[in-house]
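Quick notes on the structure that follows.
Letters A, B, ... are given to chains in the order of the sequence lines, protein chains preceding strands, and every chain is numbered from 1. Note: hydrogens, waters and symmetry copies are ignored here, and every other heavy atom, side chains too, is used.
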Amino acid sequence: MPELPEVETTRSGIEPHILNQAISGIVVRQPKLRWWVPETELLALVGQRVKHVARRGKYLLLEADAGTILIHLGMSGSLRVISDQREPLKHDHVDILFGHGKLLRYTDPRRFGAILWQPPGQIHERISRLGPEPLSDEFDVDCLRQQCKGRSVTIKQLIMNSHVVVGVGNIYANEALFHAGIDPRRPAGRISAKRLTLLVEAIKSILMAAIQQGGTTLKDFVDSNGQPGYFQQSLSVYGRGGKPCRNCSRPLKEVRLGQRSTVFCNYCQR
DNA sequence: AGACAAGCCTGTCCGC
DNA sequence: TGCGGACAGGCTTGTC
């Protein structure tokens with residue numbers, strides 16, 4: 001499941017292949033993603049060059065003069081640059097063809113992802129009300145305190161809310177809370193500023209480390225299998241319910257918060 | 001075989 | 001009554 005580090009790695013991986021390249025065609029084989037793929041609007045980009053390859057939260061933005069394509073990878077989506085006309089497989093839903101012969105292929109078995117259209121000068125509804133980027137200076141302890149104030153929702157659910165901060169999915173929410181020593185079940189409004197500072201730092205450092213790792217494991221975006229490698233990184237708690245805490249060796253506890261699996265150390269996290 | 005996992009949007013309900 | 005917050009439900013399919 002792509003979280004922010006993987007989306008950023010995808011962005012930096014495809015950028016050198018498609019930046020300033022002219023789009024020569026767009027093929028939609030399966031328009032039924034999370035939302036219907038706006039094929040007609042997308043075709044406005046044929047003949048145009050990609051001027052920016054950006055990211056906002058977990059959305060990738062391919063910007064041209066006539067508009068911007070927004071791509072969300074959902075939980076099983078991936079993008080690859082293909083250098084020959086190999087046969088599309090079952091879950092290869094969309095191709096963006098380029099004049100230099102390469103193509104960008106969108107694959108998504110579960111179709112939780114999305115491809116959206118943003119007209120020039122507009123900001124799509126899906127990204128217009130997102131919270132700050134976790135790695136930006138805008139996301140600091142004051143920002144998080146403001147969001148926590150008076151909220152009874154658990155801190156884990158709060159940091160996973162994209163209106164609070166973008167890009168923190170289940171894996172990194174679990175990991176960040178472990179590193180900050182905060183019990184994920186704790187109501188957001190009842191955490192000291194000091195501990196929220198630790199949480200902000202944990203979120204930033206874990207995401208940065210994951211991006212660096214993604215960068216080394218995923219650097220070849222042409223003709224690669226596209227399988228992300230960051231899962232293999234040593235995670236402290238995610239997927240380790242019942243296993244010993246890496247800090248105190250007591251068994252990690254697993255509960256469900258907001259219908260999500262939540263793993264933590266009942267002793268180290270308060 | 002059937003439960004489960006995931007991101008994240010939408011709808012509903014609750015209390016102030 | 002209106003509003004935000006909390007939370008359940010739904011989408012999908014590969015994997016266990």
Legend entry - Presence of A:Tyr238 side-chain N/O under 4.0 Å of B:dA6 phosphate oxygens OP1/OP2: yes
Inset, instruction - May I have the distance from A:Leu257 (atom CG) to B:dA5 (atom C1'), rounded to whole angstrom? - result: 16 Å
Inset, instruction - Measure the distance from CD1 on A:Ile171 to P on B:dA5 and round it to the nearest whole Å. - result: 13 Å
Legend entry - A:Lys156 NZ to B:dC8 P, straight-line distance once rounded to whole Å: 13 Å
Inset, instruction - Could you tell me whether a side-chain N or O of A:Asn174 sits under 3.5 Å from a main-chain N or O of A:Ile171, the two making a donor and an acceptor? - result: no
Legend entry - Base of C:dT13 paired with side chain of A:Arg110 (donor-acceptor, under 3.5 Å): yes
Inset, instruction - Report yes if at least one side-chain N or O of A:Lys90 is closer than 4.0 Å to OP1 or OP2 of C:dT13; otherwise report no. - result: no
Legend entry - Sugar-phosphate or base contact per nucleotide [nucleotides 9-16 of chain B; S, B, -; heavy atom under 4.0 Å]: BS------
Legend entry - Integer-rounded Å distance: B:dG7 P and A:Leu73 CG: 13 Å
Legend entry - N/O (side chain, A:Ser261) to phosphate O (OP1/OP2, B:dA6) under 4.0 Å: yes
Legend entry - A:His17 side-chain N/O to A:Ile82 backbone N/O, donor-acceptor pair under 3.5 Å: no
Inset, instruction - Tell me yes or no: between the side chains of A:Thr154 and A:Gln157, is some donor less than 3.5 Å from an acceptor? - result: yes
Inset, instruction - When you get a sec, tell me which of C:dA6, C:dG14, B:dC8 is the closest nucleotide to the side chain of A:Val153? - result: C:dA6
Inset, instruction - Would you check if A:Phe112 stacks with the base of B:dC8, given a 5.5 Å centroid limit and a 30° plane limit, both strict? - result: no
Legend entry - Whether A:Arg11 side chain and A:Val53 backbone form a donor-acceptor pair below 3.5 Å: yes
Legend entry - Rounded distance (Å) that lies between atom C1' of B:dG7 and atom OH of A:Tyr172: 15 Å
Legend entry - Options C:dC7, B:dA5, C:dA6, nucleotide nearest the side-chain atoms of A:Arg256: B:dA5
Legend entry - Atom-to-atom span, CE of A:Met160 to C1' of B:dC8 - whole angstrom: 9 Å
Legend entry - A:Gln269 side chain to A:Asp183 backbone, donor-acceptor under 3.5 Å: no
Inset, instruction - Examine B:dA6: is either OP1 or OP2 under 4.0 Å from a nitrogen or oxygen in the side chain of A:Arg260? Give yes or no. - result: no
Inset, instruction - For A:Leu33 and for A:Arg151, find the nucleotide of DNA chain C with the closest heavy atom, then tell me which residue's nucleotide is more 5'. - result: A:Arg151
Legend entry - Separation of B:dA5 C1' from A:Gln259 CD (nearest whole Å): 12 Å
Inset, instruction - Measure from NZ or CZ of A:Arg250 to the centre of the six-membered ring of A:Tyr267, then state whether that distance is under 6.0 Å and the direction lies within 45° of the axis. - result: yes
Legend entry - Of A:Val168, A:Leu4, A:Leu135, the residue whose pairing with A:Ile203 passes side chain to side chain contact (heavy atoms under 4.5 Å, CB included): A:Val168
Inset, instruction - Evaluate the criterion salt bridge (Lys or Arg N to Asp or Glu O under 4.0 Å) for residue pair A:Glu133 and A:Arg55; output intermediate values, then yes/no. - result: CA-CA 10 Å; A:Glu133 289 289 326; A:Arg55 179 186 61 75; 2.9 Å; yes
Inset, instruction - With the side chain of A:Lys32 defined as its heavy atoms from C-beta on, choose the nearest nucleotide among B:dG7, C:dT12, C:dG9. - result: C:dT12
Legend entry - Candidates B:dG7, C:dT13, C:dA6 - which lies nearest the side chain of A:Ser152: C:dA6
Legend entry - Distance in angstrom units between A:Leu4 CG and B:dG7 P, rounded: 12 Å
